[in-house]
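First the structure, in the form of structure tokens, and then the observations on it.
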Amino acid sequence: MDEKQDLTNLEQERLRKLEGLKDLGIDPYPYKFERSHFISELQKKYVDLANEERTEDMVTVAGRVVNQRNDWMFVDLVDDTGKIQLFSDAKTRPENLQELFKLLDKGDHIGVVGKIRRTPRGALTIDMETVTVLSKTLKPLPEIVEGKRRRLGIADVETRYRQRYLDLIVNEKSKDNLYKKAILMREIRNFLDDQDFVEIETPILNTEAGGAAARPFTTHHNTLGLDLNLRIATELHLKRLAVGGFERVYEIGRIFRNEGISIKHNPEFTSIEVYWAYTDVYDMMNLTEALVRYVAEKVTGSQQVNYQGTDIDFSKPFRRVSMQEIVREHTGKELVGRELNDAFEQHCEEKLIQPTIVYDYPIEISPLAKKHREKEGFVERFELFIYGRETANAFSELTDPQDQRERFEAQAKERAGGDDEAHVFDEDFVNALEYGLPPTSGMGLGIDRLAMFLTDSASIRDVIAFPTMKPL
RNA sequence: GCGUCUGUAGCUCAGCCCGGUAGAGCACUCGGCUUUUAACCGAUUGGUCCUAGGUUCAAAUCCUAGCAGACGCACCA
């Protein structure tokens, strides 16, 4: 088959234009281009320029052509910072520009030199004097057509995730989500680093995946002839670091769990775990609350955010309530153990819209947390709920190696009984505890979920650049 | 894993109930017009109707199986 027949007319047309550029001696994929300004800098600098006012200021910008009107008389150019209009009168433009525009398409990257003015209708505009092709596009940008209206966009959400580069070109919100997630991660680090925490990387490949109740992904090391598991938490290694003397340690990292995919779940996601020696779960409550409040402000500019139509207020002290109390409040029942947790998940969780710290968890479901200093059958643990979703999980860490061994043994029995999500016995971790972990509190937080709240994203896929997809 | 819905031109969709040689708008190309913001006017081009099989003289349309996706439920952070 002739390869050309597989291409759409639109693509063949662009290939023809590419050849046309080469025929003119133009390199459609040059190496470098020096700009005098980012577009947003120009918009800011000339904000007071009046309508119809012209300047003699020569500027150089570069970006992607996102729209063109009247035979390239008006062009909208976008760079990483903003959008500006370009102008060239079809009647009076020089021959070389006339020829060049015939070979350009919407979507192409160009560099432009020209003088700044403001049109009678108020658009800041550069009168194009020279135009440099910076990258010729061979495929048209996706557009959404609504009746006779059309605009850049992608109607099919699958395409947005599979071809994120297109999504980023045409959807400002998608780019903003990822930008804000980057700010979120930066500010978490700033917050902790300011308090002398250090970030240390721990292994992703492990013989056993411990530290959480989840099924792992498995892989294989060839030269060792060894099956390995991808980590499901960073917990056990970070606590080993605490044993080794890192009193304030954390890791932001990718976690892999072999579970279902949903609007709230991606097989790989980003967590932060923090371990803080010589403190207990109540100190960690304060740290977590302060951290969440701080990043909300830094990412959104406010401590009050709107998520999917609901106002969430991070500015007020978070409600703190024991699991038994909240279950009593919603069911009138006095429960303990798994029944308590089941009732909590069934009747209470989804009602915790405003940030709420729920503490005192049953010991059965918390094999890495220290026994409650007063309440029999409970551990010193809390979870932070926002919009009914578990967002953070923390305990006074279990430091007693003999107790830890017994807890692992109880988990091993459940695993033997068919629960393939029960914790794995980690002998070396118990060994580490036998060398002495000081009193320590620890906390884990789902960064993607927090990013969802701070970007008003309905799906976790909207805050992960390349979410897991089935191959086509 | 279960349920509901969807798959037709580059894009957005109509046609399917009731079988009869594939339609619209936009995009692209060409021509006209020219200070626009969805520019406008005219013409042309463009299709493996998701895939495979079946029924039929005849299938986008009816039947069966499959593939892909969205949403909801279950598991999970």
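Chain letters run A, B, ... following the sequence lines, proteins first and then strands; every chain starts at 1.
- Using a 4.0 Å heavy-atom distance criterion, A/K91 is classed as a sugar-phosphate-only contact.
- Using a 4.0 Å heavy-atom criterion, one finds that A/N266 contacts the bases of the nucleic acid, with or without backbone contacts as well.
- Look at CD on A/Q68: it is 12 Å from C1' on B/A27, rounded to the nearest Å.
- Across B/C28 and B/A70, the matching P atoms stand 30 Å from one another, rounded to whole Å.
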Let me check something: any side-chain donor-acceptor pairs from residues 163-172 of chain A under 3.5 Å, sequence neighbours excluded? List them with distances.
{"from": "A/Q163", "atom 1": "NE2", "to": "A/Y165", "atom 2": "OH", "distance (Å)": "3.1"}
{"from": "A/R164", "atom 1": "NE", "to": "A/A465", "atom 2": "O", "distance (Å)": "2.7"}
{"from": "A/R164", "atom 1": "NH1", "to": "A/D167", "atom 2": "OD2", "distance (Å)": "2.8"}
{"from": "A/R164", "atom 1": "NH2", "to": "A/R461", "atom 2": "O", "distance (Å)": "2.5"}
{"from": "A/R164", "atom 1": "NH2", "to": "A/I464", "atom 2": "O", "distance (Å)": "2.7"}
{"from": "A/D167", "atom 1": "OD1", "to": "A/R160", "atom 2": "NE", "distance (Å)": "3.0"}
{"from": "A/D167", "atom 1": "OD1", "to": "A/N171", "atom 2": "ND2", "distance (Å)": "2.6"}
{"from": "A/D167", "atom 1": "OD1", "to": "A/S174", "atom 2": "OG", "distance (Å)": "3.0"}
{"from": "A/D167", "atom 1": "OD2", "to": "A/S174", "atom 2": "OG", "distance (Å)": "2.8"}

Strictly under 3.5 Å: I want the nitrogen or oxygen pairs between protein and nucleotides 45-51 of chain B, one per line.
{"from": "B/U45", "atom 1": "O2'", "to": "A/N9", "atom 2": "ND2", "distance (Å)": "3.4"}

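- A 4.5 Å side-chain heavy-atom check between A/R257 and A/R215 finds every atom pair outside the cut-off.
- Using P as the reference atom, B/C50 and B/U35 are 46 Å apart when rounded to the nearest Å.
- In the set B/U29, B/U35, B/A68, the nucleotide with an atom closest to the side chain of A/N70 is B/U35.
- Surrounding CD of A/E339 are at most 12 heavy atoms belonging to other residues, nucleotides or ligands under 6.0 Å away.
- Between the CG atom of A/L166 and the P atom of B/G10 there is a distance of 16 Å, given to the nearest Å.
- Rounded to whole Å, atom C1' of B/A27 lies 17 Å from atom CG of A/L104.
- The cationic atom of A/R293 (NZ for Lys, CZ for Arg) does not lie both less than 6.0 Å from the six-membered ring centre of A/F191 and within 45° of the ring axis.
- Near RNA chain B, defined here as any heavy-atom distance below 4.0 Å, there are no residues from residues 168-185 of chain A.
- Between A/Y387 and A/F453, the ring planes lie perpendicular to each other; the angle is over 60°, past the 30° to 60° tilted range.
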Applying ring-ring contact (aromatic ring centres under 6.0 Å, His included) to A/F87 and A/F74, what does each step give before you reach the verdict? CA-CA 5 Å; A/F87 178 86; A/F74 297 96; 5.2 Å; yes
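- On the C1' atoms, B/U45 is 13 Å away from B/G10, given to the nearest whole Å.
- For A/D57, the side-chain contact (heavy atoms from CB on, under 4.5 Å) test picks out A/Y46, A/T55, with sequence neighbours left out.
- Among pairs with a residue in residues 338-360 of chain A, those fulfilling ring-ring contact (aromatic ring centres under 6.0 Å, His included) read A/F344-A/F385, at least two apart in sequence or across chains.
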Tabulate protein N/O versus nucleotide N/O from nucleotides 70-72 of chain B, keeping only pairs under 3.5 Å, one per line.
{"from": "B/A70", "atom 1": "OP1", "to": "A/R461", "atom 2": "NH1", "distance (Å)": "2.7"}

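- Of the P atoms belonging to B/G20 and B/A39, the separation is 38 Å, rounded to the nearest Å.
- Partners of A/I183 under the side-chain contact (heavy atoms from CB on, under 4.5 Å) rule, at least two apart in sequence or in another chain, are A/Y179, A/R186, A/E187, A/V299.
- Residue pairs meeting the salt bridge (Lys or Arg N to Asp or Glu O under 4.0 Å) criterion with at least one partner in residues 79-93 of chain A, sequence neighbours excluded, are A/R35-A/D79, A/D80-A/K175.
- Between A/E397 and A/K370, none of the side-chain N atoms (NZ, or NE/NH1/NH2) sits under 4.0 Å from a carboxylate O, so this pair counts as no salt bridge.
- No donor-acceptor contact under 3.5 Å links the side chain of A/D105 to the base of B/C28.
- For residues 379-390 of chain A, the salt bridge (Lys or Arg N to Asp or Glu O under 4.0 Å) pairs, not counting sequence neighbours, are A/R373-A/E380, A/R381-A/E383.
- Between the CD atom of A/Q346 and the C1' atom of B/C75 there is a distance of 14 Å, rounded to whole Å.
- Where A/D448 and A/A123 meet RNA chain B, the nucleotide closest to each residue was compared, and A/A123 sits on the side nearer the 5' end.
- The side chain of A/R162 sits closest to B/A68 out of B/A68, B/U37, B/U34.
- Taking atom CG on A/D71 and atom P on B/C28, their separation rounds to 11 Å, with Å as the unit.
- We find that A/E13 and A/K106 are not joined by a salt bridge, their nearest charged nitrogen and carboxylate oxygen being 4.0 Å or further apart.
- Within the structure, the ring-ring contact (aromatic ring centres under 6.0 Å, His included) test picks out no pair touching residues 51-71 of chain A (sequence neighbours left out).
- Atom CD1 in A/I261 sits roughly 17 Å away from atom P in B/C73 (whole-Å rounding).
- What you find for A/D448 and A/F269 is that their closest heavy atoms are OD2-CB, 3.2 Å.
- B/G66 sits 32 Å from B/U21 when the P atoms are compared, rounded to a whole Å.
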In dot-bracket form, how is RNA chain B paired, counting a Watson-Crick or G-U wobble pair only if both its distances are under 3.5 Å and using | for bases paired to another strand? (((((((..((((......[..))))..((((.......))))......(((((..]....))))))))))))....
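- In summary, A/D127 and A/R117 engage in a salt bridge, as defined by a charged side-chain N under 4.0 Å from a carboxylate O.
- Listed by residue number, A/Q85, A/F87 are the residues of residues 75-87 of chain A with a heavy-atom contact under 4.0 Å to RNA chain B.
- Looking at which nucleotide of RNA chain B each of A/K102 and A/S262 is closest to, the 5′-most match is held by A/K102.
- Straight-line distance between the C1' atoms of B/G47 and B/A38: roughly 27 Å, to the nearest whole Å.
- Residue A/M128 contributes atom CE, which lies 16 Å from atom P of B/U35 at whole-angstrom precision.
- Taking atom P in both B/A59 and B/A43, the straight-line distance is 34 Å, to the nearest Å.
- Remark: P of B/C11 and CG of A/L141 are 14 Å apart, rounded to the nearest angstrom.
- Each of B/C33, B/A39, B/C28 was ranked by its minimum atom distance to the side chain of A/K17; first place goes to B/C28.
- A/R118 has no carboxylate O lying under 4.0 Å from a charged side-chain N of A/E53, or vice versa, which leaves the two without a salt bridge.
- Considering A/L49, A/T81, A/V59 as possible partners of A/L42, the one that fulfils the side-chain contact (heavy atoms from CB on, under 4.5 Å) test is A/V59.
- Comparing B/U37, B/C75, B/C28 by their nearest atom to the side chain of A/R69 picks out B/U37.
- Phosphate contact (OP1/OP2 of B/A39, side-chain N/O of A/N67, threshold under 4.0 Å): present.
- B/A60 and B/C17 have their C1' atoms separated by 14 Å, with the value rounded to a whole Å.
- Counting heavy atoms of neighbouring residues, nucleotides and ligands inside a 6.0 Å radius, atom CZ of A/F425 exceeds 12 of them.
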